[in-house]
Each structure stands twice: as C-alpha cells, then as structure tokens.
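Below is one structure, written out as structure tokens; comments come after it.
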Amino acid sequence: MPVSTRSQINTNPEQNEPNQDQREDHPLRNPHHGLKEKMKALTLLYEQQKKSSLSLKKEANELKQSNVMKENTMPNSTVTRAFVLPQPPIDEEKENIPAANGDGIVGFSCPRKSPVSTTVVRKLSIGSSVLPQSDPRGVAGTQNVNEFQAISEKQSTGGSRILVFVRLRPTAKREKEGGSRSCVRIVNRREVYLTEFATENDYLRLKRLRGRHFTFDASFPDLTTQQEVYSTTTAELVEAVLQGRNGSVFCYGATGAGKTYTMLGTVENPGVMVLAIKDLFNQIRQRSCDSNHEVHLSYLEVYNETVRDLLSPGRPLVLREDKQGIVAHGLTQYRAYSTDEVMDLLLRGNQNRTTEPTHVNETSSRSHAILQEVSRFFMVEYRVKDASNNVVNRVGKLSLIDLAGSERALATDQRTLRSLEGANINRSLLALSSCINALVEGKKHVPYRNSKLTQLLKDSLGGACNTAYDANEEILQVPESETDQAKLLLELQKENRELRVQLARQKQKILIIQAQSLAANASPTPSSIASHLSTPLSTQPNKKLKPKSTFLAGNCFTPESKTVGELQRAVKALEAEIEKMRKDYELQIKQKDEFILELSLKRAKTASGEEEGMMKRVVTRESLRPKKKIEGEEGMMKRVVTRESLRPKKKIEGELKSSSQRQVLRVRGRKEDDELVE
Ligand SMILES: Nc1ncnc2c1ncn2[C@@H]1O[C@H](COP(=O)(O)OP(=O)(O)OP(=O)(O)O)[C@@H](O)[C@H]1O
C-alpha cells in the first residue's frame, strides 16, 4: 500500500527553485511537485514487502520447527546487528530513481517480522526555511543534527511542502532470539537500502539478493534520539502553526514499528507530540504581545469509520461542514494552559482508545494492536505585533495523527470484525493517498469525502494548511486604551486565580481544624494540636494571619496544662477568624468578577461598533493579493476567524463561574460571528 511520495524533478535546487518574484507570479504553483513519482516507487516497495513478509513468515515457522537457523544469504553475525546488512549485490536493482538523481522521497512500511521496523513520519512543511527562534536543534548540537538541519532547510527552500522521513527502531530482544534478520540499511542521511531475502525453498533465487534504494528527506538510525527526530521533522511545522497555518504530522508503519513511541514516547523519552506541545507553549508565551493566548485541544479516534471523542466518550460524532470547515459536531475542545495539563488530558484520552489483539500479534508479539486512526488537534490562537505595530491575530491548527498499524490493511485472512477493521483502515489509508495524489497533481477535485479521516484533515491538507499559501491571520487596529484594558483584565484574572487558591487553602484549614477538634475531644493532646495548627498558619504569607499564629503558639497551646475547653475555644476563635477571611476573599473575588465582566462587555461593545464600520480595519493577506482562485481548492472557502468568533460571547462569564466549566468549550453548531472572506 503506498504511503506517501514526493520527489523533486531536478537535482539542482538553484535551478529549480523559482525566485521570489516567480513565486509571487505563480501563486498556483503546485507545492507537492514530483510527489506522484515517488508514489510509484512506494507501491513497488509495498509489493516487495508483502512478498517478503510472506516468505519471512513461512521461514519463521520452519525455523520454529527445526529450531535451527539457516540462512542462505547472510552470515549469522549480521543477525544481531540491526544495521549490518550485506552490501548490495552487483545485480541490485536501483528501483528508486530519485536516489540516483540525488533527491526524492519514498515512504515505506516494513514487513511484519522485520527486525528493523520503520516508521514513516509525514509532515506538511512550510515553504521557507524559517526556524523557531529557540530551535531545539541548537540545543542538541550534534553533527548529525546539523546535517539534519541542512537537509530540512534544503527541502524547505526547495519548495517542498510535504516531507517524508523514515525511522528505524532497534531490534527487539524476541526478534534477535527468533533469528530475524535486518532488511534495512541506512546508506547515508537520506538514502536507505532495502534487501529482499530469498527463502531457502526459492531455488531459482537462492543465490540472488534483491535490493532497492529509497531516498527520504531524512532517515533516522535506531540510535536517533527523540529530540533529533522532533527537531528535524516537526519543529518547523510548529513554527508554521505559530504563523497561523495548519499542519499535520502522520505516523505510518506496521504494528510494533514504533509509531506510538515516536509520537507519544515515554516519560523518560518524550516523543514528537510532547515536544511539540512544549515548544508550542514556550513559543507562544515568548511571542504573544498581550499574554492573551489560547490553546485548545481535541482528541478523537476514527474507528471503523466512526468518529469518537476520546476526552468525553459517548455517542459517535457526526461530521458537519460549516464556516469553520468540516467539524465533528459536539467534539470537546479543552482549553489547555500548560504542557502538564495537556499530558493529563492525553493520558485520559488514551484510556478511552479502542484496542484489540490482532491475529498478527497474538502469534508473534502477543501485544495489543491499536486499530484506530487517532488524531489530536491543537488549535492555537494568539496575538503578535507586526513591523508596523499592528496587532495581528493568528490562528493555527496542528494535527498529530497516529495511524492504524498498516498490516491491518493487509489482514485479509481474518474474518468478521477484523475484516471490517482491515477494510476500513484500508479505506482511510487509500483515501489519504488519493487526496495527496490529487493535491500533487493540482486537481480541482480533491476526494476528501472518501473517508472520515480525510474529511477531518481537509483543512490540514488543503485550505490554510502548509501546502497552501494563506495563513489564518488578521490585522486588527486595536486602540491603545483597549490594550490597556486587556492588560488590566489579565492582571485581574490572575489576581482572582490567586485569591481562589488562597480561599481553597483556608477551607482546607477549616476542615483540618474541625478534624483536630474532634480528635481533641476524643483524646486531648494539646501540644500535637498546637503543632498541627501553628505550622501551616505561620507559613502563610498573608500578613493578617501572622499575629494569629503568634497568638496560637504563645498563648493557647504551648503550656501542656491547658484544658480541652480552652482548646475548643481557641479552635472556635480560629474558625471565626478564618470564616471572616473567607468572606473577605469572596467579596473581593465578587467585586473583581463584576469589574472584569464590565470590562469585557465594554470591549465587546467596542468590537461590535468596529464591525459596523466605525473603527475596525480587517486586512488579510488574501485581501492584499489580486483575487485569484486557488487551483485544486475550488469549492473551498477561505476562513478568516476573528478573535471574537473564536471566543464565544459568554465565555468570559462562563470562565469565571468555575475552573472546570472554564476549561470546557463544546463546539455546538456554527459560530455565527465567524467572518467569511471570499
Ligand atoms: N526508537 C525506539 N527506541 C526504543 N524502543 C522503541 C523504539 N521504537 C519502538 N520501540 C519499542 O518498540 C515497541 C513497539 O513500539 P510501538 O508501540 O510504538 O509500536 P506501534 O507502531 O505504535 O505499534 P501499534 O501499531 O501496535 O500501536 C515498544 O516497546 C517501544 O518501546
């Protein structure tokens, strides 16, 4: 099954790359230039692997029986080394011509029993070599990383907007023990050599090894760190999302190839997703001109062509097309404030994923295969100031997709539900490749509707994604007074949060005191109560509490001779004091809430006044450009989302009600105040 393909026709990037003027003159230039050619090579590879998979399976069964490893083409010593493969024989077939051309990409999946599984990461890259200001590649600082960086930059400057990478994972212990052989050798940073072994019963080809070369944007050997993989494959895309674009990262490979390891990783070695989230938050905090940024997270799975919300499981979600594009109606959007919070949500979502043992894994790894395509969407909105001091509102979307194990698509020997799963996964992967092919060929019709997965990814493959040229951004002329108000609003919100925390602490203390009081009644031990009571209070920064703690320590509890009655009186006095403080805090919070509400309403009024033509000036990149229809995107509407449209009108009110309510935003139908341009 083809995964992804892309190549560049010419080898000299200077010759090929249009200069800036040319780019502007040809806004419809196909950004996936040459991708189709590699699709062909990928199809060939898939067929080869299928054959290889069958022969390896057969071979493994025979080996099991005889418990003797017989290799007809490779010395035993090579078995233990993942990357030691025989040198390509003289009659090797150079199937992938782009390798000879010095450029090109082919994605491939691995045979099921291959000791070196590979993971193909696909991303829609940005069209320039813009790197994040704090590019983590600099942190890694290895020579390899620099090479990767050069590769990546070359690709981006060459106009490639879809990049394909391959990652090899280390040989698993059971694979070594089972006598599996490695069939992949990384020739250099971009070139990979795949060997097709002949089985001992295949007399005609016994002494013949077949091999093929494939070229990727970068290949990662088994010792590559997660950080290197992230820096080379995704850091640039995060930067693009921060510029107001949409982007996607897919992970493709057979079960056990290391997709989840690459995307999610482990606590010690966090994967692409975690590193991307960290980067996203860091960059937004640095760049946001008014700290008024929002990151929303949705987490869903597509299983047997059914879309499910993993953060709030329930009935299947229906896909609907509205001004925002295709949305899963009712999908939960959590507003996330930190990386830790995102990780908690993802862990929660993972528990709701559909997992089943497969025929394949029951007999080999006995592990569970995850059968669904899982997507995580991060919607990012923040405001920056451009060179002319205009406030620019940017909205970007990052989709991270952990595709189903590709062998599910091949598992035609399985019946009933498994067959259905295989068919549906096949359908999704086929639909995905059809869409990419259509985009590559610049076709007017891109068949997004062929599967739920492609429908959901429509705006990350086309539209304002990195394969197109428009970013979701608008320039707002914000009056100075409004900026001040926004700052004040944020400060007040922060203060409110702190007050709430203090209030919660005080409530906790009341509970402790009540418990201590009960314990004192049962068995009075004044000194222990005193230590319990005085310690937390004396650590309070609040000045009001200090005299009280001194009072407790000095007058009430220190002498052992105090009676239970005195203790109870002290507890009551303390409770009364805390109650008073609680009321004070609540009053303060209420006043501030009212003030914030007033400010918000004022701002909302100003915004609506602007919309009526009084003040607001909305400039999009598109409006500055001569009106031309984007080829291949006919029928798609460019969406410019205003700041107000992404913030439901009653949200601030809702946010102030409770912290749990504040986080949940349900997408219910259309947002009426979205602004539609073109
Ligand atoms: N680069 C790597 N370094 C070390 N261990 C790895 C690497 N890649 C994968 N592994 C290990 O290989 C095993 C299988 O990986 P993983 O679960 O990520 O596969 P997968 O492709 O997601 O499979 P599935 O399709 O079943 O979800 C795991 O134990 C994982 O820790």
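Sequential numbering from 1 along the given sequence is applied to the chain's residues. Read the numbers this way: they start at 1 and go in the same order the structure lists the ligands and their atoms.
Panel note: side chain Ser399, backbone Ser248; no donor-acceptor pair is recorded below 3.5 Å.
When the heavy-atom distances from atom 16 (P) of ligand 1 to Gly258, Pro170, Cys251 are ranked, the shortest goes to Gly258.
By the salt bridge (charged side-chain N to carboxylate O under 4.0 Å, His left out) test, Arg449 pairs with Glu321, sequence neighbours left out. Judged as a side chain to side chain donor-acceptor pair (under 3.5 Å), and not counting sequence neighbours, the contacts of Gln226 are Arg167.
The N/O atoms of Tyr261, backbone and side chain alike, include one that comes under 3.5 Å of an N/O atom in ligand 1. Considering both main-chain and side-chain atoms, Lys259 comes within under 3.5 Å of ligand 1 through a nitrogen or oxygen pair.
Closest non-hydrogen pair, Arg169 versus Ala172, comes out as NH1-N, 3.7 Å.
Of all atoms in ligand 1, listed by their number and element, those nearer than 4.0 Å to a heavy atom of Thr260 are 18 (O), 20 (P), 22 (O), 27 (O). Residue-ligand proximity, Ala254 to ligand 1, at heavy-atom distances under 4.0 Å covers atoms 21 (O).
In this structure, Gly253 has no heavy atom closer than 4.0 Å to ligand 1. Ligand 1 lies within reach of Arg167, whose nearest heavy atom is under 4.0 Å from it.
Side-chain contact, Ser451 with Gln455: no donor N or O sits under 3.5 Å from an acceptor N or O.
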